[in-house]
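Beneath this line is the structure, given in structure tokens, with notes to follow.
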Amino acid sequence: METENVFEIENPRVAFITMGCAKNEVDTQRMQSQLTRCGFAIEQDPEAADAVVVNTCSFIQSATEESLETIFEVAGMPNVAAGAALIVAGCMPARYGQDLESELSEASAFVPCSKEDDIVQVIAQALGIDQARLEHMKAAMLGAVPEGAVAINGSRAVSAYVKISDGCDRFCSYCTIPYIRGRYHSFDYETVRADVADRVSEGVKEIVLIAQDTGRWGQDFEDESSLAWLVGTLADEFADTWFRVMYIQPEGITDELLHTVAEHDNICSYFDIPLQHVQPSILKAMHRKGSREEYESLVERIRRIVPEVTLRTTLIAGFPGETEEDFDELCDFVEEGFFDYIGVFAYSREEGTRAYDLADQVDDDEKAYRAQRLRDLADDVCTPLVAARVGKSMNVLIEGREEDGQLFGRAMCQAPEVDGVTYVDNGEPGNIVQVTITDTLLYEMEGE
């Protein structure tokens, strides 16, 4: 007697677990959207799903290890052990390819970044859904979300990421992104604008434009365009929406962009500029350009055109060949107080990158020591800059409530997930309220 296919249900449920950065979150949202349009339901609980997609990160070794741990946890879930599909997507399949497929027998299928648009067919095949059944599901899809499942973003978010390009052509010597994501390519304006319009129609009040290299947007078009034109055009059309741009390389900070930000109240006066180091010889070994003097001049130019700007950067400690003198110069730069927020990473030696074989690798313990010393120094420098906001009036986008009911949100000087939050005493999620900052604790603020 034939066993009935347990996946022959009206709306197969698919759960996503997303690892890594915001760009992966956007990729997950796109895959979810494709699935819902074809009659699949997006399920919050992985243990209640017919298929579980782990969208992996593999930027550095620790991220790869965390992704693997998650995959093995999912493989041990009762539903997966009973036959639910486990799909491994994103950076790990892109980076390791067939080597991963041969080693990870627990997975039903692998979907590298470049094949994520095939997610519907991949999951249909993994669940034994033939083309006729898939067409029936598409035809039956009326836009309703089946009971027990959730909308694409889970809950109504007030802030959302929109990706404006993918890939990277820089080939920094420590970075795996070009090998994972491929060469740089901008998404056309119509695609970006449609994504923004969709998020705004869902009630989103802040759009965060992201990419591996946002400052290059439009430069690869036949009729060249610019990030300044993109964000200015979007800000003009969606005048009640905040816009924020993340991950702009130093070369992408043009006067055109600075003036565009200065002229629009709904574009956050906020720049996230990854410098990585300030010593020219280290930057050259990283296959990057710049120097301490150039970066100091850049900050001066930014503050001249956008006086109330908030600046964030990221730095790498312990890169191969970094001497004590090089590190001391990096510390001296941090002490100057040019940046409101500083993220610090110990150099991660990644196979397949050019830096992997560089001479004078720094000992792991020394890398960890330097990174922590730099973090502590950054805290000592940056938290007083946050404290200096006390007494200032700011608009705060309310994001939600803590378990005890305390309202929290973010001011324009706080990017999602990395810069802390502002606690307020009135309003509702989705509201933008004006408050006066009354107190700070490290990177958190309070307003009333």
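Side chains included, hydrogens not; waters and symmetry mates left out as well; all remaining heavy atoms used. Model, not experiment: these values are computed from the prediction.
With 3.5 Å as the limit, one finds no donor-acceptor pair spanning the side chains of His277 and Asp326. In summary, the side chains of Arg216 and Gln249 do not present any donor paired with an acceptor at a separation below 3.5 Å, with no hydrogens or angles considered. Judged by distance alone, the side chains of Ser186 and Gln219 never bring a donor and an acceptor atom under 3.5 Å apart. Asp236 and Thr233 share no side-chain donor-acceptor pair at under 3.5 Å. Side-chain atoms of Gln125 and Gln121 include no donor-acceptor pair closer than 3.5 Å.
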request  = In sequence, state the C-alpha distance, the side-chain angles, and the governing distance for Asp340 and Tyr270, and then conclude on side chain to side chain donor-acceptor pair (under 3.5 Å).
outcome  = CA-CA 10 Å; Asp340 302 271; Tyr270 181 106; over 6 Å; no
key: Candidate pair Glu417 and Arg410, rule salt bridge (charged side-chain N to carboxylate O under 4.0 Å, His left out), full reasoning   = CA-CA 10 Å; Glu417 304 178 46; Arg410 288 178 296 102; over 6 Å; no
inquiry  = Could you go through Ser281 and Gln279, starting from their C-alpha distance and side-chain angles, then the distance that decides it, and tell me whether this counts as side chain to side chain donor-acceptor pair (under 3.5 Å)?
reply    = CA-CA 6 Å; Ser281 64; Gln279 216 290 328; 2.4 Å; yes
task = Kindly indicate, with the supporting measurements, whether the criterion side chain to side chain donor-acceptor pair (under 3.5 Å) is fulfilled by Gln29 and Glu25.
result = CA-CA 6 Å; Gln29 290 172 10; Glu25 292 181 25; 5.2 Å; no
key: Residues Thr241, Glu206; criterion side chain to side chain donor-acceptor pair (under 3.5 Å); working and verdict   = CA-CA 6 Å; Thr241 303; Glu206 178 191 43; over 6 Å; no
request  = Verify side-chain contact (heavy atoms from CB on, under 4.5 Å) between Cys175 and Thr353, making sure each step is shown before the conclusion.
outcome  = CA-CA 6 Å; Cys175 185; Thr353 62; 5.9 Å; no
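Aromatic ring pairs are classed by plane angle as parallel below 30°, tilted from 30° to 60° and perpendicular above 60°; the pair Phe221 and Trp217 is perpendicular.
Contact check on Asp419 versus Arg312 returns a salt bridge, with a Lys/Arg side-chain nitrogen under 4.0 Å from an Asp/Glu carboxylate oxygen. A salt bridge is absent between Asp166 and Arg183; no separation between the charged side-chain nitrogens and carboxylate oxygens falls under 4.0 Å. Salt-bridge formation is not detected for the pair Lys289/Glu294: no Lys NZ or Arg NE/NH1/NH2 atom is positioned less than 4.0 Å from an Asp or Glu carboxylate oxygen. Salt bridge Lys367/Glu322: absent, no basic N to carboxylate O contact under 4.0 Å. In summary, Arg95 and Glu350 engage in a salt bridge, as defined by a charged side-chain N under 4.0 Å from a carboxylate O. Classification of Glu190 and Arg193 as a salt-bridged pair fails, no side-chain N sitting under 4.0 Å from a carboxylate O. Comment: Arg349 does not engage Asp364 in a salt bridge, judged by the lack of any side-chain N to carboxylate O separation of less than 4.0 angstrom. Salt-bridge formation is not detected for the pair Lys205/Asp240: no Lys NZ or Arg NE/NH1/NH2 atom is positioned less than 4.0 Å from an Asp or Glu carboxylate oxygen. One finds no salt bridge joining Asp130 and Arg133 here, because no Lys/Arg side-chain nitrogen approaches an Asp/Glu carboxylate oxygen to under 4.0 Å.
A heavy-atom distance below 4.5 Å is found between the side chains of Thr314 and Phe345. Pro250 is listed as a side-chain neighbour of Tyr295, based on a closest heavy-atom distance under 4.5 Å. By the 4.5 Å heavy-atom criterion applied to side chains, Val208 and Ser159 are counted as neighbours. For the pair Ser108 and Ile87, the minimum side-chain heavy-atom distance is below 4.5 Å. Using a 4.5 Å cut-off on side-chain heavy atoms (C-beta onward), Met92 and Ser67 make contact. The side-chain heavy atoms of Phe408 and Val424, taken from C-beta on, include no pair separated by under 4.5 Å.
Between the CD1 atom in Ile316 and the OH atom in Tyr347 there is a gap of 9.0 Å [rounded to 0.5 Å]. The CZ atom of Phe59 sits 11.5 Å away from the CZ atom of Arg181 when rounded to the nearest 0.5 Å. Atom CG of Leu311 and atom CG of Asp272 lie 9.5 Å apart (nearest 0.5 Å). Distance check: Thr70 OG1 to Leu68 CG gives 8.5 Å after rounding to the nearest 0.5 Å. How far CG of Asn55 is from NZ of Lys23: 12.5 Å, rounded to the nearest 0.5 Å. How far OG1 of Thr383 is from CG of Leu441: 9.5 Å, rounded to the nearest 0.5 Å.
Atom CG of Asp265 sits in a sparse spot, with 12 or fewer heavy atoms from other residues, nucleotides or ligands closer than 6.0 Å. Atom CD of Glu66 sits in a sparse spot, with 12 or fewer heavy atoms from other residues, nucleotides or ligands closer than 6.0 Å. For Glu103, the CD atom is loosely surrounded, since the number of other residues' heavy atoms within 6.0 Å does not exceed 12.
Side-chain N or O atoms of Arg244 include one that pairs as donor or acceptor with a backbone N or O of Met412 at under 3.5 Å. For the pair Thr313 (side chain) and Ile273 (backbone), a donor-acceptor distance under 3.5 Å is present. The closest donor-acceptor contact from the side chain of Thr191 to the backbone of Phe187 lies at 3.5 Å or more, if one exists at all. Side-chain N or O atoms of Asn266 include none that pairs as donor or acceptor with a backbone N or O of Phe243 at under 3.5 Å. Panel note: side chain Asp45, backbone Glu47; a donor-acceptor pair is recorded below 3.5 Å. Distance alone, capped at 3.5 Å, is enough to place a donor-acceptor pair between the Gln414 side chain and the Val421 backbone. Distance alone, capped at 3.5 Å, is enough to place a donor-acceptor pair between the Thr214 side chain and the Tyr247 backbone. Judged by distance alone, with hydrogens and angles left aside, the side-chain atoms of Asp376 form no donor-acceptor pair with the main-chain N or O of Arg373 at under 3.5 Å. In this structure a side-chain-to-backbone donor-acceptor pair under 3.5 Å is missing from Asn395 to Ile432.
Heavy atoms only, all atoms of each residue included: Pro320 and Ala355 are closest at CG-O, 4.1 Å. The shortest heavy-atom contact between Asp50 and Pro12 is OD2-CA, 3.4 Å. Closest non-hydrogen pair, Gln406 versus Tyr423, comes out as CG-CD2, 3.5 Å. Closest approach of Asp213 and Arg170 over heavy atoms only: OD2-NE, 2.7 Å. Counting all heavy atoms, side chain and backbone alike, Pro274 lies closest to Arg288 at O-NH2, 2.8 Å. Here the shortest heavy-atom pairing between Cys168 and Gln212 reads CB-CB, 4.2 Å.
The side chain to side chain contact (heavy atoms under 4.5 Å, CB included) test with Leu374 is passed by exactly one of Ile342, Asp379, Val344: Val344. Checked options Ile267, Val306, Thr254; the residue passing with Thr260 is Ile267 (criterion: side chain to side chain contact (heavy atoms under 4.5 Å, CB included)).
Taking the centre of each ring, Tyr179 and Phe171 come in below the 6.0 Å mark. Taking the six-membered ring for Trp, Trp242 and Phe238 have ring centres at least 6.0 Å apart. A distance below 6.0 Å separates the ring centres of Phe333 and Phe338.
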